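All figures in this text were calculated on a predicted structure; none of them were measured in a lab.
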Amino acid sequence: MRWLGLDWDEGPEVGGPHGPYLQSERGDIYRDVLARLAESSYTYECYCTTEEVDARRKASGSKVMGYDGFCRDLTEEQVAAFRTLGRQPVVRFRMPEGSITWNDLVRGEITFETQYVPDFALCRANGDPLYTLVNPVDDAMMEITHVLRGEDLLSSTPRQIPLHAALIELGIGKVMPEFGHLPFVMGEGNKKLSKRDPESHLFLYRDQGFLPEGLLNYLALLGWAIAADRDVFSMEEMVEAFDIKDVNPNPARFDLKKAEAINSAHMRLLSIDQITDRALPFLKDAGVLTDPVSPADTQLLELAMPLVAERINKLTESVDMLGFLFIDEESFTRDEADVEKLLNDDGRAVVRRSLDALERLGEWSAGAIQAALQAELVEGMGIKPRNAFGPVRVAVTGRRVSPPLFESMELLGRERSLARLRSALV
RNA sequence: GCCCCGUUCGUCUAGCGGCCCAGGACGCUGGCCUCUCACGCCGGAAGCACGGGUUCGAAUCCCGUACGGGGUACCA
């Protein structure tokens with residue numbers, strides 16, 4: 001979350017007035033709440049085993065799963081009898097009669113008949129509090145006003161609303177929160193993206209060279225739109241325009257291609273210097289640059305970055321684009337497929353002529369190199385520019401895809417450029 | 001099984017009864033630009049799940065059906 005530029009005002013690591021924020025430190029609080037709930041008969045002890053509940057449901061033919069309220073009104077004698085059997089009770093919440101309705105922030109009015117939501121357990125027989133208790137209690141005591149969460153929790157809402165009402169009644173909570181249930185984000189195909197899926201790992205995208213603002217922008221687009229005809233925006237613009245009521249209730253599929261497109265739009269919003277800064281860690285990791293970067297390389301990088309900044313969509317692509325400039329001649333290699341394709345006999349002939357022309361060249365500048373090669377290859381040999389410069393490009397940069405050729409050769413320098421042309425002929 | 005939620009181009013969406021024989025974006029595709037790639041520009045194909053209502057008029061409201069998803073624990 002921090003990587004995306006998302007932070008929190010209150011909670012673990014940052015503190016706040018409603019602590020402690022770790023559930024492990026809140027045991028006493030839950031025990032106390034449980035006691036007060038019991039005192040006011042919002043809850044009751046239940047001694048049933050799951051087998052007994054199942055058996056009873058089978059016998060009654062009820063279609064409703066879950067607990068049947070058997071222990072709601074146990075007499076003291078019955079309780080004593082269970083106790084002598086050595087049974088420890090769980091505590092259940094007494095669901096009210098009728099129905100629970102709330103106005104969901106993203107889905108509108110939703111109603112559940114309480115006959116379909118059984119009395120639920122708040123703690124284990126050993127006294128450990130359950131999520132069903134802990135979640136509303138924490139929200140109530142921290143004065144949460146809006147609960148926005150995944151739609152998987154939609155059906156737990158009719159349990160939480162009456163519990164919240166009870167907590168308010170007891171003075172433990174102050175406000176009934178508003179609820180909004182957000183759609184899922186699905187992966188490829190139609191499967192739900194779980195936290196365990198590699199696809200759902202933020203760092204995977206970060207390591208692929210995504211910009212945090214790019215990914216954030218894309219993610220915001222899943223289920224929401226800033227305007228009918230726009231989809232690139234900053235976090236500030238999003239904060240300004242966002243309203244939970246505009247969120248779509250239906251699930252969205254994660255589309256890597258679109259995520260990349262949005263990301264590259266953000267890439268183009270950055271200055272050359274900013275892209276350089278962001279790409280630096282990737283270049284160092286890949287071994288293109290040393291850490292710290294030498295003064296000579298820093299200077300070279302400054303000259304080279306304007307050539308590549310506009311043609312990369314992700315930070316990692318800078319590695320392939322710039323590698324050839326910084327590598328020493330002994331370690332320089334070429335992409336085999338590209339060599340096979342472009343440095344065939346025809347290609348080598350082109351490189352040969354280029355070498356001749358460039359060896360004679362006086363001024364080593366992009367303009368002069370271009371003029372010389374244009375004259376030698378295009379006019380001299382009568383071949384098309386794209387066929388003429390392809391082999392030279394592979395010879396010098398090692399790849400079919402590179403920054404502009406002539407500028408690249410200028411930056412590489414005369415000696416290294418000529419050396420690479422020669423080695424391509426061996 | 002029962003309860004709840006959802007369904008507009010392949011994908012993400014705009015649309016809240018007439019402005020829609022449905023708009024944008026990504027992707028796909030034809031072309032332009034061009035030393036490769038990328039950018040940029042111009043064009044194209046592609047969608048209201050289905051069936052009934054309501055209405056002068058429905059993608060928009062209502063009801064069914066189908067399909068998808070979630071829940072149904074002494075999990076969270």
Exercise: do A/R334 and A/S423 side chains pair donor with acceptor under 3.5 Å: yes
Polar side-chain contact A/R393-B/rC35 base: donor and acceptor under 3.5 Å: yes
Sugar-phosphate only, base, or nothing, as touched by A/V90 at under 4.0 Å among non-hydrogen atoms: base
A/F254 ring center within less than 6.0 Å of A/Y205 ring center: yes
Complementary nucleotide for B/rC33 - Watson-Crick or wobble, under 3.5 Å: none
salt_bridge(A/R26, A/D138) N-O dist < 4.0 Å: yes
Note: A/E329-A/R420 ion pair, threshold 4.0 Å (strictly below): yes
Watson-Crick or G-U wobble partner of B/rG1, both distances under 3.5 Å: B/rU72
Sugar-phosphate, base or nothing in reach of A/F406, heavy atoms under 4.0 Å: base
A/R311 (side chain) and B/rU36 (base): donor-acceptor pair under 3.5 Å: yes
Sugar-phosphate only, base, or nothing, as touched by A/I262 at under 4.0 Å among non-hydrogen atoms: nothing
Sugar-phosphate only, base, or nothing, as touched by A/G390 at under 4.0 Å among non-hydrogen atoms: nothing
Sugar-phosphate only, base, or nothing, as touched by A/E151 at under 4.0 Å among non-hydrogen atoms: sugar-phosphate
Sugar-phosphate, base or nothing in reach of A/R87, heavy atoms under 4.0 Å: nothing
Sugar-phosphate, base or nothing in reach of A/R268, heavy atoms under 4.0 Å: sugar-phosphate
Sugar-phosphate, base or nothing in reach of A/L405, heavy atoms under 4.0 Å: base
Complementary nucleotide of B/rA66, counting Watson-Crick and G-U pairs under 3.5 Å: B/rU7
Touch class at under 4.0 angstrom, heavy-atom based, for A/T111 against every strand present: sugar-phosphate
Aromatic centroids of A/W224 and A/Y218 separated by under 6.0 Å: no
Touch class at under 4.0 angstrom, heavy-atom based, for A/R386 against every strand present: sugar-phosphate
Touch class at under 4.0 angstrom, heavy-atom based, for A/A125 against every strand present: base
